Amino acid sequence: MDPAVKYTLIKKEKHTGARLGLLETPHGTFETPMFMPVGTEATVKNMSPEDLEKIGASIILSNTYHLWLRPGEDIVKEAGGLHKFMNWNKGILTDSGGFQVFSLAKTRDITEAGVHFRNHLNGRREFLSPEKAIQIENDLGPDIMMSLDECPPFFESYDYIKDSVERTSRWAERGLRAHRNPDWQALFGIVQGAGFEDLRKQSAQDLVSMDFPGYSIGGLSVGESKEEMNHVLDFTAPFLPENKPRYLMGVGSADSLIDGVIRGIDMFDCVLPTRIARNGTCMTTKGRLVVKNAKYARDFRPLDENCDCYVCRNYSRAYIRHLINANELFGTHLTSYHNLYFLLKLMADVRQSIRDDNLLEFREHVFEEYGFNKK
Ligand SMILES: O=c1[nH]cnc2cc3nc(NCc4cccs4)[nH]c3cc12
């Protein structure tokens with residue numbers, strides 16, 4: 001049986017662990033490394049599918065937790081699945097809900113069977129098991145889906161993390177058994193283990209022994225420093241097979257994306273570009289620009305003078321500032337469009353620097369110009 005998703009390693013960058021790859025999915029073949037915009041409730045906020053296509057988005061995310069609670073996976077299934085429901089014909093990946101339960105739900109209790117929590121919308125008691133998460137993702141119909149895992153606090157005790165890793169591995173096994181559509185939906189295992197090298201190794205080895213078509217590295221971008229995240233990636237990525245995609249969950253700033261690619265990561269997602277856009281903060285090649293700031297009231301330059309996106313070619317800081325301050329939805333559309341373009345363009349430049357074997361020079365340019373070296 002053909003796997004739902006096939007990764008081909010095209011080229012290794014000469015001086016780092018970076019890889020140029022191709023990810024074949026039932027909805028197209030896409031280049032990696034890639035950034036995946038987040039569309040939590042079956043829409044990338046303030047963006048149309050046409051605009052997402054225009055800026056080069058290949059795979060977008062939606063969330064099992066949110067769509068299960070509202071509108072219900074049954075409605076999405078009846079619509080013909082997520083691609084039809086949201087009119088997106090390229091790749092879709094769903095997270096499994098565990099992380100959202102821990103970051104959104106009120107009161108939650110984790111047991112071997114699964115996680116009990118109160119629905120953040122109506123306060124009702126809910127229960128999510130590894131099997132239930134897989135059933136929801138099978139019904140939603142994404143190309144790539146995640147096993148139910150526990151994303152523990154990064155600074156928990158060794159014993160807590162060890163127990164959590166072992167339960168996450170048992171849940172991954174249960175998810176594999178419950179998965180109904182392995183020929184057109186690729187189930188990824190999620191490696192946990194916080195900052196402990198031996199637990200990251202144990203988690204990776206458990207999941208690799210189950211032969212998933214791809215692996216996520218979870219438990220990061222949860223408040224630890226960028227140095228700590230990079231250190232965990234240094235020793236975790238090599239535990240994963242070279243011929244499978246590696247997905248770092250929740251990472252989406254220019255510096256972290258580049259440092260993740262250097263350490264062998266192929267796929268990234270983050271709410272950051274669209275979340276900060278909603279309060280008028282823009283990513284630019286000269287650092288962050290808070291466009292609602294009064295100093296831009298008469299600034300008729302584009303958000304970013306080095307950007308060739310539709311927004312930067314047609315609208316000024318003064319106009320976008322006005323829209324954001326007037327709570328005009330078009331304003332957040334423009335800032336969201338630009339921020340997503342910025343990260344997708346950055347990843348295109350990263351892929352080119354892998355082809356040219358000059359990723360470290362590109363990193364230096366970005367860190368210097370975009371202001372990441374400033375202490
Ligand atoms: O271990 C994980 N398992 C399943 N999903 C995740 C999603 C994740 N997203 C972040 N960080 C990005 C954030 C988004 C919102 C608050 S933090 N870290 C994450 C870790 C996990």
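Since we're looking at a predicted model, the values are computed, not measured. Start at 1 and go down the list; that is how both ligands and their atoms are numbered. Numbers for residues simply follow the sequence, beginning at 1.
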**Report entry** Within reach of ligand 1, part of V251 (heavy-atom separation under 4.0 Å)
**Finding:** neither
**Report entry** Which segment of M146 sits under 4.0 Å of ligand 1 when only heavy atoms are counted
**Finding:** neither
[atom]: the protein heavy-atom neighbour that sits closest, reported with distance to 0.1 Å:
{"atom": "atom 3 (N) of ligand 1", "result": "D149 OD2, 2.7 Å"}
{"atom": "atom 21 (C) of ligand 1", "result": "F99 CD1, 3.6 Å"}
{"atom": "atom 15 (C) of ligand 1", "result": "R275 NH1, 4.0 Å"}
{"atom": "atom 5 (N) of ligand 1", "result": "D95 OD2, 2.7 Å"}
{"atom": "atom 1 (O) of ligand 1", "result": "G219 N, 2.7 Å"}
{"atom": "atom 18 (N) of ligand 1", "result": "L220 O, 2.8 Å"}
{"atom": "atom 11 (N) of ligand 1", "result": "S221 O, 2.9 Å"}

Residue [X] vicinity, atoms of ligand 1 by number, heavy atom under 4.0 Å:
{"X": "Q192", "value": "1 (O), 2 (C), 3 (N)"}
{"X": "C151", "value": "1 (O), 2 (C), 20 (C)"}
{"X": "G218", "value": "1 (O), 2 (C)"}

**Report entry** Heteroatom distance test (V271, ligand 1): nitrogen or oxygen, under 3.5 angstrom
**Finding:** no
Quick check: do [X] and [Y] have side-chain heavy atoms less than 4.5 Å from each other?
{"X": "S256", "Y": "M229", "result": "yes"}
{"X": "V232", "Y": "F154", "result": "yes"}
{"X": "I217", "Y": "I190", "result": "no"}
{"X": "M36", "Y": "M267", "result": "yes"}
{"X": "Y215", "Y": "F188", "result": "no"}
{"X": "Y65", "Y": "T40", "result": "no"}

Requested in this report: List the steps, then state whether side-chain contact (heavy atoms from CB on, under 4.5 Å) holds for F35 with L340.
Outcome: CA-CA 9 Å; F35 176 76; L340 287 174; 4.2 Å; yes
Query raised in the report: Counting heavy atoms only, which of P152, G250, S103 comes nearest to atom 10 (C) of ligand 1?
Result: G250
Query raised in the report: When K132 is tested against each of E126, E73, E137 for salt bridge (charged side-chain N to carboxylate O under 4.0 Å, His left out), which residue passes?
Result: E73
Report summary line: In this structure, CG of N339 is separated from CG of L289 (nearest 0.5 Å) by 10.0 Å
